[in-house]
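As a basis for the values below, the full set of heavy atoms in this structure was taken, side chains included, without hydrogen atoms, waters or symmetry mates.
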Amino acid sequence: MTRRILTTLLLAGTVATATLAASPAAQAAENNPNCLGARAFCLWYNSNQSGSVAGWDLSTGFKGFSNLANAGAFLTPGAGQGTPVKNNAASATYQYWGHCTGNVQVFYYSGWSGPSDTIAACGNGNLVNTKNEDASFLVNG
């Protein structure tokens, strides 16, 4: 009986360790509205980078969402807080300290297709083609 309990605990520990080891990849897509990170992409509820914000740390290698339904909600206090990100963003910021190359494309449709808006690295802008119709985004460089 004691051996069975010990084996169960060891197996549970192995599963927990494997889960923890896999966590960084899962955390790469965690909504963290710190738009001042070394490399971050943020979507804003209102135009001109105002209202509530949702953001993602791109320094982990995260390349975007093929469906923003998986991106959660706008988190910070302000207009739009708690609203789902998908089809509700009006502006964006792509912060990439010291490497102002590449861009992030925000797409009208899920699966990175349809009309898009491009936000250059170290820049921001209002969404024109995808305003309140943001369904996916992809980091390019």
(message) Can a donor-acceptor pair be found, under 3.5 Å and without considering hydrogens, that links the side chain of T130 to the backbone of F107?
(response) no
(message) Restricting to non-hydrogen atoms, name the atom on Y94 and the atom on V139 that form the minimum distance, rounded to 0.1 Å.
(response) OH-CG1, 3.8 Å
(request) Measure the spacing between NZ of K63 and CG of N140 and express it to the nearest 0.5 Å. (result) 8.0 Å
(request) Could you point out which residue of D134, N103, L127 forms a side chain to side chain contact (heavy atoms under 4.5 Å, CB included) with D117? (result) L127
(request) Please assess Y109 against S136 for the test side chain to side chain contact (heavy atoms under 4.5 Å, CB included), listing each intermediate value before the final yes or no. (result) CA-CA 6 Å; Y109 297 117; S136 57; 5.9 Å; no
(request) Kindly say whether K86 contributes a backbone atom to a donor-acceptor pair with the side chain of N88 at under 3.5 angstrom? (result) yes
(request) Taking the side chain as every heavy atom from C-beta outward, state whether D57 and F62 have any atom pair closer than 4.5 Å. (result) no
(message) Side chains of C42 and Q49, heavy atoms from C-beta outward: is any pair under 4.5 Å?
(response) no
(request) May I ask you to test the N129-Y108 pair for a side-chain heavy-atom distance under 4.5 Å? (result) no
(request) Indicate whether the side chain of N48 and that of N126 have a donor and an acceptor atom separated by less than 3.5 Å. (result) yes
(message) I'd like to check T93 versus V53 (side-chain heavy atoms, cut-off strictly below 4.5 Å). Are they in contact?
(response) no
(message) Measuring from atom OH of Y96 to atom CG of L58, what distance do you get when rounded to the nearest 0.5 angstrom?
(response) 9.0 Å
(request) Would you sort out whether Y45 and T76 count as a side chain to side chain contact (heavy atoms under 4.5 Å, CB included), showing the intermediate values? (result) CA-CA 10 Å; Y45 184 77; T76 61; over 6 Å; no
(message) Classify the ring geometry of F41 against F137: parallel below 30°, tilted from 30° to 60°, perpendicular beyond 60°.
(response) tilted
(request) State whether the side chain of W97 and the backbone N or O of C122 hold a donor-acceptor pair below 3.5 Å, judged by distance alone. (result) no
(message) If I compare all heavy atoms of A54 with all of V85, which pair ends up nearest, and what's the gap?
(response) CB-CG2, 3.6 Å
(request) To the nearest 0.5 Å, tell me how far F74 CZ sits from L43 CG. (result) 6.0 Å
(request) Look at the side chain of S52 and the backbone N and O of G78, then say whether any donor-acceptor pair between them is shorter than 3.5 Å. (result) no
(request) Check whether any side-chain N or O of S110 sits under 3.5 Å from a backbone N or O of N67 as a donor-acceptor pair, and report yes or no. (result) no
